[in-house]
Amino acid sequence: MKLVVETNKPGSYINPDIYGHFSEHLGRGIYEGLYVGENSDIPNTDGIRNDVLSALKEIEVPVLRWPGGCFADEYHWKDGIGPKDQRKKLVNNSWGGVTEDNSFGTHEFMRLCELLGCKAYVNGNLGTGTAQETAEWVEYMTGTGESPITDLRKKNGRKEPWKVDYFAIGNESWGCGGHMRPGYYADLYRHYATFVRNYDPKNPIKKICVGPGTEDTKWTEVVLDACYEDTLRSEHGFMDYITIHHYVVPGTWEEKGSATTYSDELWYKSLKKATYMERIINKNKVVLNKFDPEEKIALCVDEWGGWYDVEPGTNPGFLYQQNTIRDALIAGVTMDIFNRHSDRVKMACIAQMVNVLQSVVLTDGPDMVKTPTFYVFKQYKHHQGANYLPTTLVNNPTEGSDEWQIPVISASSSVKDNIVTLTMSNASMDKEEVVEIDLSSDKDYKVLEASIVTAENIRDFNDFRSEEKVTEKKFESIKAENGKFIATIPAHSVIMIRFA
Ligand code: AHR
């Protein structure tokens with residue numbers, strides 16, 4: 001088969017935030033996974049694990065969303081500031097009913113973003129929070145003047161305001177965020193977004209509106225209809241983003257299927273469900289193009305990934321799952337879709353960063369493993385801030401039966417500083433694919449570097465205290481031939497090639 005990259009036609013800018021992450025107060029995501037506290041035996045910086053920090057730095061996290069998720073709509077930020085021994089305890093009603101001590105709050109989140117060098121995406125509480133709480137949280141974090149709220153921040157040790165890049169008005173407000181109907185949410189969005197003030201006009205906070213969690217775009221339609229005129233008129237964006245949530249659930253919500261012991265059929269079914277992302281994006285693009293042809297409002301897929309049954313013996317409310325080469329493929333397919341739609345998709349956050357759902361890193365006490373998904377993020381980071389290049393697949397075979405048939409190869413490419421990055425995956429369980437790569441150019445391109453993430457077995461994962469089974473290795477099955485490149489892509493693998 002052939003793959004044509006139109007290197008002479010650079011297209012939309014790939015916002016680095018497409019490679020973003022989400023971390024919620026859920027299970028061992030924040031506590032244990034990211035944050036162990038200053039007094040822990042696990043080496044840490046201001047309570048944040050050093051091993052996890054240095055792994056995350058490798059993949060260049062551009063943005064982090066916090067504190068939820070469903071949790072966000074019951075989170076009262078004032079309980080998470082001030083001396084830690086005086087913070088109110090809290091029962092996490094959304095996830096396992098466990099009691100938290102609120103030791104990870106606004107200051108700790110901002111410190112984490114600072115250590116990661118990433119943007120801060122704060123998800124506000126619309127479900128049980130007031131407009132006043134929203135206004136005061138934004139002022140606490142970003143206020144520049146003198147007021148009781150900014151004095152409180154200073155008293156708690158932070159003189160200068162922080163930069164908050166994104167602020168969302170609620171989460172899944174059609175579900176765990178309040179079971180609202182779209183018209184009701186739209187009015188609340190208008191109400192609460194008004195109080196997300198820009199204290200620093202040079203760095204306006206981008207406001208994020210809740211979007212749909214299914215393929216039905218009625219929600220998008222109603223909400224945009226209620227808000228688009230103000231958005232088009234407003235100088236700093238009345239609404240900057242609308243969200244999409246899409247999870248790959250191989251079975252049903254009741255029986256999702258195991259993270260590691262899936263059947264061959266579920267392999268293809270999972271990857272097919274990952275491709276639905278493109279349909280969902282396209283449907284929402286149609287609605288956006290109708291209300292917002294000027295493209296002021298972007299799409300933000302702030303929850304995506306595989307969602308399986310929890311690991312046997314673990315708390316069902318903690319959503320802890322292993323991560324195999326199937327997840328690497330899901331990540332590759334999904335991130336190729338984001339690149340292709342980078343004209344409208346300007347942010348995406350994998351759910352979730354550590355120890356929850358499709359994580360890049362898992363921890364067990366003092367131990368940590370990098371998952372197959374981690375290595376795919378490492379490969380795809382080269383697309384951050386590049387320009388998308390039209391990428392066409394010719395004679396791409398399909399595999400899988402009936403409804404679950406999928407194109408075997410997924411690919412996307414981009415250019416930055418004259419370096420072309422091509423990412424590709426082969427979804428076949430057992431067949432390699434020979435791909436002729438045409439860079440549509442007279443330029444004498446050479447392979448600068450190339451890597452592969454694959455495994456011996458389609459159910460392989462990286463376990464604690466043992467050698468990694470799925471990792472990033474040098475990819476050598478590529479050769480130049482008559483101005484083209486011939487690459488042999490092994491079964492179930494993700495490839496990254498950089499040409500200069
Ligand atoms: O990521 C886990 C949960 O999935 C989030 O809290 C919620 O927004 C979604 O339903």
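In listed order, ligands and their atoms are each counted from 1.
From the protein, the heavy atom lying nearest to atom 10 (O) of ligand 1 is E172 OE1, 2.7 Å. The protein heavy atom nearest to atom 6 (O) of ligand 1 is E24 OE1, 2.7 Å. Of the protein's heavy atoms, E303 OE1, 3.2 Å lies nearest to atom 4 (O) of ligand 1.
Here the straight-line distance linking atom CG of N15 with atom CZ of R344 works out to 14.0 Å at 0.5 Å rounding. Distance check: S359 OG to M353 CE gives 10.0 Å after rounding to the nearest 0.5 Å.
Where the criterion is an N or O separation shorter than 3.5 Å, residue side chain and backbone included, W307 fails it with respect to ligand 1. Geometrically, ligand 1 and G69 share no nitrogen or oxygen pair separated by less than 3.5 Å.
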Apply disulfide bond (SG atoms under 2.5 Å apart) to the pair C176 and C70, showing each step before the final yes or no. CA-CA 6 Å; C176 65; C70 299; 2.2 Å; yes
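Contacts between F22 and ligand 1 below 4.0 angstrom, taking non-hydrogen atoms only, involve the side chain exclusively. Contact annotation for N171 and ligand 1: only side-chain heavy atoms (C-beta onward) come within less than 4.0 Å of the ligand.
Considering only heavy atoms from C-beta on, F238 stays 4.5 Å or farther from Y228 through its side chain.
Cysteines C227 and C209 have SG atoms no closer than 2.5 angstrom.
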